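No experiment lies behind these values; they were computed from the predicted model shown.
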Amino acid sequence: MSVELFGKVPEVVLLDSKDRFSEEGLLLAEQYFMDFTVKKEGNAQGVGLLVGKNRYDEAERVADEIVAMVREHGYSYKDIAVLFRDADIYRESVTRTFELFGIPFIFDEGEDMLSAPGTVFMLSVFEMSSRIRTASLLRLLKTGLCDITPEEISLIEDYSFVHGTEGDGWFREFDMNPFGFGIPEGEEEKAVLSETERIRRTVCEWMKPLYAPGIDDGKDLVRCCYEIMERCGAADAIERNDRAGRQNAELMFGIIQQLYDLAEREKLTKTEMADTLRILASSTRSADIPRVGDGVFIGIAGHSRPFNPAICFVMGLNDGVFPRDISEGNLFTLEERDILSRNELVLGGSFDQSSDLESYFLYDAVTSASERLFLSYSESGSEGEMLPCAELEGFIRAYEIEPQKRGKACGIVNARTARQAYAEALSSGEEILSGSLLSSTASGVCREYSEAVAARDMVMKDRSLAESLTGDSTVVTASRMETFEQCRFMYFLQYLAGIKPLRRAELSPDEAGSFVHEVMELLMKEFSGDLTGADETAVRNACRKHADEYIKKMVGDKTLTPRMRVISDQIKENCIRLAQRLRKEQEQSRFRASGFELNIGEDIPPAVFETEDGSRAEIRGKIDRIDTYVSEGETYVRIVDYKTGGKDFKLSDVWQGLNVQMLLYLFAVKSGGTERYGKDIVPAGVLYMPGDPSPASDMKGAEGIYTMKGLVLNDPAVLEAMEERGEGLFIPAKIDPRSGEWKADSLATMEELGKIENRIETLVTEMVSGLRNGDVRAIPYERGNREKPCSYCPYKAVCRSDRITETRKIRNLSRKEMFGEEERDA
């Protein structure tokens, strides 16, 4: 052609001057990495070696040099390129470090469409082609392609979690309590349920095309998917996207069209359509639109081509990383390939070609720069200790290149890096560096960090804010007081901030307790509180009837799971045994049940305590059962609570604010129950009755299993009224056969009960005063090395319980420590 055009063959000119390299070291690198032999002696001027302790440290070393090149040598970010071989290894460390250092960059890596919103939407639809799957539906709603807010998604996600909604349950009305077991009663519960049900109807309306008759093959499924997108407002959502989002949407619709065209030609099942979608999405790549005009080019060696950079950093020059170890994944080893080759069985040369290609990628990367070249590797990675690749080691030995040193102040280029350096200095104990940073221009952010990581006193310093949260009259219930004494910060989050953890609507231990309470309440009401002489069959049938009514109220029309059915049947039998036990107890006792589920604050006026600042504490709550005994014009009152699970009673705990429920309510009845029980009310005690004894227990041979625990008045007449024979079968006290006196640690004189009442009043007023002063410190109680509420607290991620060092020690107090008296013989 040249002869035809010019009449002669042009002279061949060999370009061997290497004029594009401004430094001798770059020319030496080009010659060495051509075939890894030393061709020319010289000084590797212009080539730097960076060694990181790990991949993040390696990325920081690179970022250090980039900042220095820009600030000290006048380069622009666009003059610089960073290349590595494996994006999976270096993507995270490089991009996060550059963002920390404030280095703008362009990452030349297109992403496949497999995780794009449109693909996730379509795959979620395909997964629900037979029935709604909750996880798939929520994944679809969270793609951002639906006309639904995050708050609305949260409502139906919470409801589905609490009630285990799956499949056809989405097409049934949401009518249960959105916060747990039972039907909604409060205004807040009803409002949340109404909104949640509205959202459910909207979402199900979107999904209707998927379950219409005639959806048989892949083509119908693609058409359904597109129709659902139209219904849920995907087009408007895409229109609101930025340029990159709209470009991804175009690629998504292209995939939809390919799927539809394929489905017209081939009869594909729904499963085959989903597999095909994944293949199409993973092979379709979206371009990464540059975010900045002046940015460092980050690329993958072998895939990216930087535009004539002045400076190039080649990262990850570790053995097996760059150049990549192409022997991994091959069926035959190198030795086996040699044997096959000697026997004239050549495998197509794929191994040799791949090896040559990796060498070329390395050569291409190190020859990209025209002015400065930096070679880097890390000494360790996720695999453990690492070595530089053989090619780099040979170059280092040939030209005696030393790693560039990094001073103490390196890596501190802005406020964010100063804060990180300060944090690392504090954790490693480098007082000189941390002190220097505190006295530098970055002292502000360093002090902010110190304050952020310092132990928080968690006190509301604005008293008016604390008072606005508590009000002039603070409602105190047993559960609130128990929570406060366990940890004040837990109380703040649950009752003042209103942050309540979600719990599944299932027969948990807590719910089993409510189950037993209600069945026993209804049973005792039906028999007017007196089971003596009641027909055994009638009692048994009544227990089962009330248990079934409770389950109906709690779960509605929902079918019980096999597990819940087994648990409910066991609780029914426990209630029957408990009723039999109550009958035996009443047959020998003069105390009679006179109140069930009494509400302090409604049925009985609330007890009111005044604090020093003039605010009020109102005691409110619900009592399972009140027993009374009238003698010589005085009404003796005891409170009985049915407890499922292990429940011990220690007066020492009550003195320290734990397990105060029964005594708190006993004294509330004493002060507020005069209208109901008369003026002369005498506290006779508090008793915990086991509500779930072992199913294998024999009533005749295991009476101790039902023995109540608690505290009772040390008055022989009252004790005999509770248990005439004094054998300790029904109350936690019995008569000593040698002395004929009642003996037990669970006895308390009237004077001691008065001191306990004063102690509880002090605890209540201290609690209210502390809250009004904003004292909500995270100081959980701790009993020995075993018991600490943090281990099961749902808020431990909020206060970072792993950092809490201060605790409130709970110990066993003697009666002398509590009452100022000597120990009694048990």
* **Tyr32 side chain reached by Val366 side chain, heavy atoms, under 4.5 Å** => no
* Do Phe84 and Ile89 touch side chain to side chain, with heavy atoms closer than 4.5 Å? -> no
* Side-chain contact test, heavy atoms from C-beta onward, threshold under 4.5 Å: evaluate it for Phe395 versus Ile401 and give yes or no. => yes
* Got Phe307 and Phe297 here, is their nearest side-chain heavy-atom distance under 4.5 Å? -> no
* Asked: Under 4.5 Å between any side-chain heavy atoms of Ser380 and Asn54, yes or no?
  -> yes
* Leu362 side chain near Leu317 side chain, heavy-atom distance below 4.5 Å -> yes
* Report the residue from Arg55, Met315, Lys53 that forms a side-chain contact (heavy atoms from CB on, under 4.5 Å) with Ser378. => Arg55
* For the residue pair Thr134 and Phe161, establish whether any side-chain heavy-atom pair is separated by less than 4.5 Å. => no
Please report, to 0.1 Å, the donor-acceptor pairs under 3.5 Å made by any side chain of residues 118-126, with sequence neighbours excluded.
residue, atom, partner, partner atom, Å
Thr119, OG1, Met113, O, 2.5
Ser124, OG, Val120, O, 2.7

* Asked: Can we call the ring centroids of Phe313 and Phe374 under 6.0 Å apart?
  -> yes
* Asked: Can you check salt bridge (charged side-chain N to carboxylate O under 4.0 Å, His left out) on Glu127 and Arg139, steps first, answer last?
  -> CA-CA 11 Å; Glu127 290 167 1; Arg139 198 157 50 241; 2.6 Å; yes
* What is the ring orientation for Phe33 with Phe36, classed by angle as parallel under 30°, tilted 30 to 60°, or perpendicular over 60°? -> perpendicular
* To do: Determine whether Ile298 and Tyr90 make a side-chain contact, defined as any pair of heavy atoms from C-beta on separated by less than 4.5 Å.
  => no
* To do: Start with the C-alpha distance between Tyr377 and Leu49, add both sets of side-chain angles, then the distance that settles side-chain contact (heavy atoms from CB on, under 4.5 Å), and finish with yes or no.
  => CA-CA 8 Å; Tyr377 69 93; Leu49 176 63; 4.2 Å; yes
